[in-house]
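Per chain, numbering begins at 1; letters A, B, ... match sequence-line order. Values in this document were obtained by computation on a predicted structure and should not be read as measured data.
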Protein chains: 2
Amino acid sequence: MSDADADRLFQAFADATRRDIVRRVTVAEYSVSGLAALYAMSFAAVQKHVAVLERASLVTKEKRGREQIVRGNHEGLQKARRLLDEYEAIWRQRVGRIADILAEG
Amino acid sequence: MSDADADRLFQAFADATRRDIVRRVTVAEYSVSGLAALYAMSFAAVQKHVAVLERASLVTKEKRGREQIVRGNHEGLQKARRLLDEYEAIWRQRVGRIADILAEG
DNA sequence: GTATCGTACAACCAAATGGTTGTAGATCTG
DNA sequence: CAGATCTACAACCATTTGGTTGTACGATAC
């Protein structure tokens with residue numbers, strides 16, 4: 001994953017409204033206006049949040065009639081989790097080294 | 001974890017320089033100026049990045065003589081991973097529901 | 001004691017972010 | 001067809017972000 005991909009992913013997660021959208025569209029389908037009705041902000045603002053999530057592969061949009069259906073996209077979440085798993089692995093290596101030092105001493 | 005905590009965490013991860021700092025200080029100790037020497041930006045800029053990471057509990061600072069030693073802090077990483085695990089759980093529930101529907105049909 | 005080093009912090013700047021309103025194009029409904 | 005609905009997008013605004021330089025101050029070295 002490129003730096004730019006990771007930037008987009010974590011940036012997308014760094015907003016409570018967007019995290020809420022991700023949760024909702026994972027369990028059910030929503031049109032953009034359906035989502036907009038849930039939040040105390042304009043339709044355009046929600047539209048922008050959805051666009052941020054789409055660019056981060058956390059959500060997909062599909063046209064259905066005049067509506068745009070938003071659904072969760074597992075791809076982005078998987079990428080984010082794999083990246084954090086790499087950091088976790090670095091921690092485990094470090095713990096391993098410390099254990100080795102203690103074993104030697 | 002509060003929304004503000006999550007915001008700070010993911011915001012902190014949403015920058016390649018900061019992610020690199022986290023990796024480095026997890027495997028070894030660095031002073032702030034030691035870190036600053038690694039990047040093509042000013043000392044003050046790196047100092048700000050470290051401050052962002054510290055607020056997000058991804059790093060700790062400890063004064064040693066005139067230096068400030070930066071170390072990785074597992075707490076922030078754990079919080080981030082747990083939060084992503086919650087999203088993963090929502091996905092698994094969804095997959096379960098779909099399987100149920102298929103089993104019924 | 002006097003440089004020098006490492007840090008903190010303020011002030012500033014350009015660009016990005018998160019919000020707004022307004023306009024316009026598609027699609028459905030009556 | 002006319003009107004309502006859903007979406008897209010531009011323009012604008014305030015705040016935050018990521019960077020800079022400059023100043024000040026405690027700790028170290030000579």
ask   = Given atom CD1 of B:Ile69 and atom C1' of C:dA8, what is their separation to the nearest angstrom?
value = 16 Å
inquiry  = Do the side chains of B:Glu29 and B:Arg64 get close enough for a salt bridge, i.e. N-O under 4.0 angstrom?
reply    = yes
key: Residue-phosphate contact under 4.0 Å: A:Ser42 side-chain N/O, C:dT20 OP1/OP2   = yes
Sugar-phosphate only, base, or nothing, as touched by B:Thr17 at under 4.0 Å among non-hydrogen atoms = nothing
task = In whole angstrom, give the distance that lies between atom CG of A:Leu35 and atom P of D:dA8.
result = 12 Å
task = Please determine if A:Glu86 and A:Arg82 form a salt bridge, counting it only when a charged side-chain N lies under 4.0 Å from a carboxylate O.
result = no
request  = Would you indicate which nucleotide in C:dT27, C:dT20, C:dG6 comes nearest to any side-chain atom of B:Glu67?
outcome  = C:dG6
remark   = Here the distance between atom C1' of D:dA27 and atom NZ of B:Lys63, to the nearest Å, is 8 Å
First of A:Gly65 and A:Asp15 reached from the 5' end of DNA chain C, by closest nucleotide = A:Asp15
inquiry  = Do A:Glu88 and B:His74 make a side-chain contact, defined as non-hydrogen atoms from C-beta onward lying under 4.5 Å apart?
reply    = yes
key: Atom-to-atom span, CZ of B:Arg64 to C1' of D:dT28 - whole angstrom   = 15 Å
request  = Rounded to the nearest angstrom, tell me the gap between atom CZ in A:Arg8 and atom P in C:dA16.
outcome  = 14 Å
task = Ignoring backbone atoms, test whether A:Lys61 places a side-chain nitrogen or oxygen under 4.0 Å from the OP1 or OP2 oxygen of D:dT7.
result = no
message = Taking the basic N atoms (NZ, or NE/NH1/NH2) and the acidic carboxylate oxygens, is any pair closer than 4.0 Å for B:Asp20 and B:Arg23?
response = yes
ask   = Between A:Ser33 and D:dT7, is there a side-chain N or O to OP1/OP2 distance below 4.0 Å?
value = yes
note = Separation of D:dG18 atom C1' from B:Arg55 atom CZ, nearest Å, is 12 Å
message = Quick check for you: among C:dG18, C:dT27, D:dG18, whose closest atom lies nearest to any side-chain atom of A:Arg18?
response = C:dG18
Under 4.0 angstrom between A:Gln68 side-chain N/O and D:dA8 OP1 or OP2 = yes
request  = Answer yes when B:Asp100 and B:Arg97 have at least one side-chain N-carboxylate O distance shorter than 4.0 Å, and no when they do not.
outcome  = no
query = Closer than 4.0 Å, any side-chain N/O of A:His49 to the OP1 or OP2 of C:dT17?
reply = no
inquiry  = Whole angstroms only, please: what is the CZ-P distance between A:Phe10 and D:dT17?
reply    = 18 Å
inquiry  = Could you tell me how far apart A:Met41 (CE) and C:dT17 (C1') are, to the nearest whole angstrom?
reply    = 13 Å
ask   = B:Phe43 side chain: which of C:dC5, C:dT27, C:dT7 is closest?
value = C:dT7
message = Once you apply a heavy-atom cut-off of 4.0 Å, does A:Lys48 come out as touching a base, just sugar-phosphate, or nothing?
response = base
message = On DNA chain C, does the nearest nucleotide to B:Gln47 precede the nearest nucleotide to A:Ala44 from the 5' side, or the other way round? Give the residue.
response = B:Gln47
